[in-house]
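First the structure, in the form of structure tokens, and then the observations on it.
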Amino acid sequence: MSKINSIMSLLQGCNNMGKFQKIHAQVLLNGYQDDPTISNKLLSFCAISISGSLAYASLLFSQVKNPQTSSWNSMIRGYSQSPTPLQAVFYYNKMMFEGQSRPDNFTLSFLLKACEKAKAEKKCREVHGSLIRIGFATDVVVCTNLVRSYVGNGLVGTAQMVFDEMPERDLVCWNSMISCYSQAGLHDEALNIYSRMRNANVGLDEFTIVSLLSSCAHVGALNFGVQIQKFVDENGFMDNVFVGNALVDMYAKCGSLDWACRVFDRMQKRDVFSWNSMIIGLGVHGRGDEAIHFFRQMLTAGVRPNSITFIGLLCGCSHQGQTEEGIKYFHMMSSEFNLEPGIKHYGCMVDMFGRAGKLDKALEFIGNSPTQDDPVLWRTLLGACKIHRNVEIGEEAMKHLVQLKALNAGDCVLLAGIYDAAQDQQGVAKMRKLIKDQGIKTIPGWSWIEVDNSVHKFLVDDKSHNDSEEIYSKLKEIIHRATLAGYVVEEESLVSVPDSGEELYGNSGSYHSEKLAIAYGLAKTSERTSLRIVKNLRVCRDCHSFTKFVSKAFNREIIVRDRVRFHHFKHGTCSCKDYW
DNA sequence: TTAGGGTTAG
């Protein structure tokens, strides 16, 4: 074996910098440092392998005379994966400036990865221009990287355009587009891309399935999720832990905890994602004690919890009013698992004490949190003040929201409700004026329901649906039957913003989106079918009471997922026991 | 003998 070959084989087996430095010394001793094969190999080990060192790679690179494209690629690739991806852009600029070597398809792929990670939008556009000029606009891998880089920089529309113009799209490319939409929270779009993908005959694999299931989970598309599970079983994809986890999460988020459990039990291998999905699922369904039971099993199985596990646990304790347990797990995070509670864990605690009526304790937790500048904590407290009709602490929370310039219409509506309960009409008027004068934006409320594999979305007083007439006449019948069963309209807050088209609590005379979704569901599904509704805001008291009576009058189970938890309505009662 | 895709919170 020649000396060069023996050095190459030593490098092949190298797995730490100590060994590497010895090999490097041999290279220098034999004067092989300018051999392109050797120098490339040295560089790629330092720049790319897990046990390498980018600082050492930079040093080596500075000693290479006239580096070849592959050497530049090693540096650009190495930095694109590092915590300082902008350095990759720096090396690319240097490469172009020196002009000795030309970038190839690999250079551009690594560079686009760096632009995605570094949030270098301008550079991403520039690379787009370059790759067209150099002739890589037809390279499916380079273009897939371009699409991802645009999405990573928030330019979803441009990414879609690049995708649409690609002359050839393979399975990975389609999967990328779906996962980009799914990760950007654009779940309708992710599901729509899939229907286009089916026509393209590229097939689908585990990656496709995982992204699709994640989108199904977010929009509550249970029927579609069930179809995917059939496909999973037929193709033996259950062995894949990602697929199993995504199925568990989909069922839990679609309100089917029994099915989530069944999938969980069938899984050959479970990781922290599998356990977290179950714990969070149980927590948001208000089954905190079962979440704790799963947590104990998780520890017995030797799986280490992470900070998300504790969000699930604390959320479960909060919805079940178990403050003592909640405090225990909050402290356990740091004392037993070396996990520092983050702002979201403090948020769970504020919510937990707030719901339980321990408003002083909630206030104390905000004071102890890592930052008091988070509007979410104050908003949570304000919500609790609404439940417990506490004007003084409510005003305190409001004061902080104003100071943080984070006030929204929902906050004003909450405080108006608190004033209203205290029969302080001046306070109510003050809030109404605040919304109007400051032009505070409201979040449109909507609900959706999946019937026959398609999702139907409703806004407040929505008349845009094709079956609108039928929906409204059904709603009249439902209100009549619910009233016979004991339903009485609950007018809550007197705040309303006329003509805003927004859904605000107690906007008397109008129909909240979930009522329209329920009417559609009852009109279009057969008797005894459960209705599953997803809502982007919290359910108001009136709709909550309405849904209870509808479940009784029509003998239907109605499962509503609101912004923070699940409500299972059956025989006139709700699983949250009116504690929400 | 160098490239592109996946899950939990928010």
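Chain identifiers are assigned alphabetically (A, B, ...) following the order of the sequence lines, protein sequences preceding nucleic acid strands; residue numbering begins at 1 within each chain. Only a predicted model underlies this, so the values are computations on that prediction, with no experimental measurement involved.
- Residue Ile280(A) has its side chain nearest to dT8(B) when only dT8(B), dT7(B), dT2(B) are considered.
- You'll find that the side chain of Val172(A) is closest to dG4(B), out of dA3(B), dG6(B), dG4(B).
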- Message: Ser70(A) vs Asn73(A), test: side-chain hydrogen bond (donor to acceptor under 3.5 Å, both in side chains). Steps then yes/no.
- Response: CA-CA 5 Å; Ser70(A) 59; Asn73(A) 287 354; over 6 Å; no
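- Set against dT7(B), dT2(B), dT1(B), the side chain of Phe242(A) has dT7(B) as its closest nucleotide.
- The side-chain contact (heavy atoms from CB on, under 4.5 Å) search around Val172(A) returns Asp170(A), Ser176(A), not counting sequence neighbours.
- Counting non-hydrogen atoms of other residues, nucleotides and ligands closer than 6.0 Å to CD of Gln63(A) gives a total above 12.
- Ile178(A) places its CD1 atom 12 Å from the P atom of dG6(B), with the value rounded to the nearest Å.
- At dT7(B), none of the side-chain N or O atoms of Lys253(A) fall inside 4.0 Å of OP1 or OP2 (strictly under the cut-off).
- For Phe273(A) and dT7(B), the ring-to-base geometry satisfies the stacking test (centroid distance below 5.5 Å, interplanar angle below 30°).
- Scanning atom types as modelled, one donor and one acceptor separated by under 3.5 angstrom connect the side chain of Asn240(A) and the base of dG6(B).
- Taking atom CD1 on Ile228(A) and atom P on dT7(B), their separation rounds to 14 Å, with Å as the unit.
- With Phe264(A) as the aromatic partner, Arg270(A) meets the cation-pi criteria of under 6.0 angstrom to the ring centre and within 45 degrees of the ring axis.
- In this structure, Leu11(A) atom CG and dT1(B) atom P are separated by 10 Å, rounded to whole Å.
- Heavy-atom distances under 4.0 Å link DNA chain B to Lys41(A) of residues 34-51 of chain A, given in residue order.
- Legend: residues meeting side-chain contact (heavy atoms from CB on, under 4.5 Å) with Ser256(A), ordered by chain and number and at least two apart, are Leu222(A), Tyr251(A), Trp259(A), Arg532(A).
- When distances are taken from the side chain of Gln183(A) to each of dT8(B), dG4(B), dG6(B), the shortest belongs to dG6(B).
- Rounding to whole angstrom units, CE of residue Met95(A) and C1' of dT2(B) are separated by 13 Å.
- Ring centroid separation for the pair Tyr346(A) and Phe330(A) comes in under the 6.0 Å cut-off.
- Rounded to whole Å, atom C1' of dT2(B) lies 13 Å from atom CG of Asp139(A).
- Distance OH (Tyr92(A)) to P (dT2(B)): 22 Å, rounded to an integer number of Å.
- For the ring pair (Phe, Tyr, Trp, His ring centres under 6.0 Å) criterion with Trp72(A), the lone passing option out of Phe110(A), Tyr92(A), Phe61(A), Phe106(A) is Phe61(A).
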- Task: Given ring pair (Phe, Tyr, Trp, His ring centres under 6.0 Å), test Phe163(A) with Trp174(A) step by step and report yes or no.
- Result: CA-CA 9 Å; Phe163(A) 179 83; Trp174(A) 281 100; 5.0 Å; yes
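- Listed nucleotides dT8(B), dG4(B), dG6(B) differ in distance to His218(A); the shortest reach to its side chain belongs to dT8(B).
- Taking atom CG of Asp351(A) as the reference point, atom C1' of dA9(B) lies 14 Å away to the nearest angstrom.
- Comparing dT7(B), dA3(B), dG10(B) by their closest approach to the side chain of Lys344(A) singles out dG10(B).
- Listed candidates were dA3(B), dG6(B), dT2(B). Nearest to the side chain of Asp104(A) is dT2(B).
- A donor-acceptor contact under 3.5 Å is not formed by the side chain of Asn145(A) with the base of dA3(B).
- Residue side chain Asp170(A) reaches the base of dG4(B) through a donor-acceptor N/O pair under 3.5 Å, judged by distance alone.
- As judged by a 4.0 angstrom heavy-atom cut-off over every strand, Asp249(A) is placed among residues touching the sugar-phosphate backbone only.
- Comparing dT2(B), dG4(B), dT8(B) by their nearest atom to the side chain of Cys173(A) picks out dG4(B).
- At a threshold of 4.0 angstrom between heavy atoms, the contacts of Val140(A) include nucleobase atoms, whether or not backbone atoms are also involved.
- For the pair Ser214(A) and dT8(B), the criterion of a side-chain N or O lying under 4.0 Å from OP1 or OP2 is met.
- Closest to the side chain of Lys113(A), out of dG4(B), dT2(B), dT7(B), is dG4(B).
- Remark: Arg148(A) is in phosphate contact with dG6(B), judged by side-chain N or O atoms under 4.0 Å from OP1 or OP2.
- For the pair Ile311(A) CD1 and dG10(B) P, the computed distance is 6 Å after rounding to whole Å.
- At most 12 heavy atoms of other shown residues, nucleotides or ligands fall within 6.0 angstrom of atom CG in Asn338(A).
- Listed candidates were dT8(B), dA3(B), dG6(B). Nearest to the side chain of Val210(A) is dG6(B).
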